[in-house]
Enquirer: 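Dumping the structure here so I can ask a few things about it.
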Amino acid sequence: MLSSLALAALSTFAVTAYAHPPSYSHTSPWSSQPSGYSQEQKWNLANFTSLVVFGDSYTDDSRLGYFITNDGNAPPVGWVDPVSYKAADGGRTWVEYVKQYTGANLYNYAVSGAVCSNDITPRWFSAIDAPFPAIEQYEVPAYLADSQYYHPNGTKFMTDSVDATVYAIWIGTNDLGYEAFIQDEQVAGTNLTTYVDCVYDQLARVYANGGRYFVILNVAPLNLAPIYAAPPYSAGNNQYWTNRTDNFTDTSGRMMEQVVTVNAIYEYRTPFAVEVAKTFPGASFAVYDVHGLMTDIHDNPSAYLNGTAPLNVTGYINHCNLTGGDCVANPNPDSFAWFDELHPSEQTERVIALNFVDVVKGASKWATYWSS
Ligand SMILES: *[C@@H]1O[C@H](CO)[C@@H](O)[C@H](O)[C@H]1NC(C)=O
Ligand SMILES: *[C@@H]1O[C@H](CO)[C@@H](O)[C@H](O)[C@H]1NC(C)=O
Ligand SMILES: *[C@@H]1O[C@H](CO)[C@@H](O)[C@H](O)[C@H]1NC(C)=O
Ligand SMILES: *[C@@H]1O[C@H](CO)[C@@H](O)[C@H](O)[C@H]1NC(C)=O
Ligand SMILES: *[C@@H]1O[C@H](CO)[C@@H](O)[C@H](O)[C@H]1NC(C)=O
Ligand SMILES: *[C@@H]1O[C@H](CO)[C@@H](O)[C@H](O)[C@H]1NC(C)=O
Ligand SMILES: *[C@@H]1O[C@H](CO)[C@@H](O)[C@H](O)[C@H]1NC(C)=O
Ligand SMILES: *[C@@H]1O[C@H](CO)[C@@H](O)[C@H](O)[C@H]1NC(C)=O
């Protein structure tokens with residue numbers, strides 16, 4: 001099943017031309033924003049020229065692919081992660097759309113299969129004969145090395161001002177998922193709060209390196225993903241989680257509990273860390289409620305999805321066999337919220353990108369902003 005993730009990440013999915021972002025209206029209800037609260041003064045990013053991002057297959061371009069094709073070795077310092085047009089969402093991931101929509105430079109450290117820390121939920125990847133490279137052990141160190149790197153001609157690899165750079169983290173899909181928390185496979189003595197601690201600890205390392213603008217994307221509504229959905233929408237045994245013996249209804253309910261609990265911690269711990277404990281002096285934070293956004297896509301698909309076939313938020317585009325082969329893709333991908341059992345569709349990721357652009361403008365109804 002691990003190699004099938006790689007297959008998914010490297011799958012050959014035809015991608016057509018890209019136009020400008022769709023213009024859609026926000027029809028969704030206001031999220032859990034405190035009322036009478038001025039966001040703008042909390043987020044005064046003057047110029048957005050650079051996005052540094054940490055994450056998993058929801059974000060990865062070609063980084064896991066580099067490990068696979070180079071005997072498990074990490075890319076060298078100063079490596080530019082090429083865009084993938086066949087990423088795990090079947091097309092380009094959200095960060096590539098952010099780059100397209102804003103012109104920002106992209107430094108994408110996300111690795112498919114990653115968790116926050118391999119000291120908490122290591123997941124073995126046979127294709128590289130090692131655990132998937134994680135944010136703590138690989139992604140942040142790779143960024144820190146790149147941030148100090150100079151090209152052989154003496155110019156700096158990362159040239160953007162920290163005042164124009166946003167550092168985003170979206171991690172949890174694998175941490176909370178199969179072969180990890182949902183199957184009680186975390187390292188003994190760790191728990192969900194250890195995972196959340198890890199996320200803030202990684203941002204603290206970036207802060208110590210000069211980072212000042214942070215976006216935390218909260219955890220997706222994984223209980224709605226076909227792999228964790230309850231019957232009749234459960235994908236059941238699938239290419240990622242094979243030989244399942246769990247009760248799909250129970251798993252879906254427990255996943256919902258994990259997700260909403262972790263997201264409640266993000267919602268309240270971020271203002272605590274930033275404004276009460278003042279752990280990040282001079283920094284601005286946004287908590288981007290992608291959980292709310294993706295739930296709204298699920299509940300109001302016609303406000304977001306532009307496929308010509310009947311819209312479908314419970315099924316998925318790409319159907320493969322249990323070892324990730326013989327894949328058959330639906331010919332109307334823009335009608336779907338999910339690409340496969342585990343991954344959002346490219347259209348969903350495009351919507352996530354559009355709203356991320358609003359988040360970094362300081363003007364998203366899906367974000368709460370905090371600063372000190
Ligand atoms: C924003 O950054 C771009 C690229 O570095 C630069 O051309 C532009 O002048 C900057 N704008 C402001 C308002 O600083
Ligand atoms: C230095 O090398 C980098 C990497 O090859 C290149 O992108 C950059 O344009 C070069 N800068 C100058 C001033 O030659
Ligand atoms: C849960 O995790 C926290 C943080 O890692 C740890 O301090 C605590 O001991 C753990 N609690 C249990 C009951 O394992
Ligand atoms: C699933 O179980 C069968 C029977 O035990 C075994 O042959 C097969 O290798 C297992 N598949 C995976 C992907 O673990
Ligand atoms: C799975 O769990 C649900 C809810 O707990 C229960 O109603 C159902 O009977 C269980 N299914 C099986 C096959 O045990
Ligand atoms: C949906 O919108 C995207 C972005 O504008 C566009 O590339 C795509 O072709 C559209 N899909 C359909 C089926 O019109
Ligand atoms: C949604 O897609 C799935 C395929 O994953 C299909 O089985 C199902 O019938 C579709 N549902 C609707 C409402 O079209
Ligand atoms: C899945 O499809 C591939 C390619 O046809 C095949 O080699 C493999 O045996 C299939 N796996 C299963 C479980 O049927």
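Please read these numbers as outputs of a predicted model, since none were measured by experiment. Sequence positions, counted from 1, serve as the residue numbers for this chain. Note that ligands are numbered from 1 as they come in the structure, with each ligand's atoms numbered from 1 the same way.
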Enquirer: Are the aromatic ring centres of Trp43 and Tyr213 under 6.0 angstrom apart?
Expert: yes
Enquirer: Under the 6.0 Å and 45° cation-pi test, does Arg63 pair with Tyr138?
Expert: no
Enquirer: Per the ring-ring contact (aromatic ring centres under 6.0 Å, His included) rule, what does the pair list look like for residues 262-283, sequence neighbours excluded?
Expert: Tyr207-Phe280, Phe280-Phe285
Enquirer: With sequence neighbours left out, what residues match Arg254 under salt bridge (Lys or Arg N to Asp or Glu O under 4.0 Å)?
Expert: Asp184
Enquirer: For the residue pair Asp160 / Asn105, report whether a side-chain donor-acceptor contact shorter than 3.5 Å exists.
Expert: yes
Enquirer: Classify the ring geometry of Tyr228 against Trp241: parallel below 30°, tilted from 30° to 60°, perpendicular beyond 60°.
Expert: tilted
Enquirer: Please name all residues satisfying salt bridge (Lys or Arg N to Asp or Glu O under 4.0 Å) with Asp119, sequence neighbours left out, ordered by chain then number.
Expert: none
Enquirer: Please determine if Asp296 and Lys365 form a salt bridge, counting it only when a charged side-chain N lies under 4.0 Å from a carboxylate O.
Expert: no
Enquirer: Please work out, at 4.0 Å between heavy atoms, whether the side chain, the backbone, both, or neither of Asn321 comes within that distance of ligand 8.
Expert: side chain
Enquirer: What atoms of ligand 8 come closer than 4.0 angstrom to any heavy atom of Gly325?
Expert: 1 (C), 2 (O)
Enquirer: Using a 4.0 Å cutoff against the non-hydrogen atoms of Asp334, which atoms of ligand 6 qualify?
Expert: 1 (C), 8 (C), 10 (C), 11 (N), 12 (C), 13 (C)
Enquirer: With a 4.0 angstrom cut-off on heavy atoms, strictly below it, pick out the residues next to ligand 3 and order them by chain and number.
Expert: Gly189, Asn191, Thr193, Thr194, Asp197
Enquirer: With a 4.0 Å heavy-atom cut-off (strictly under), which part of Asn306 contacts ligand 6: side chain, backbone, both or neither?
Expert: both
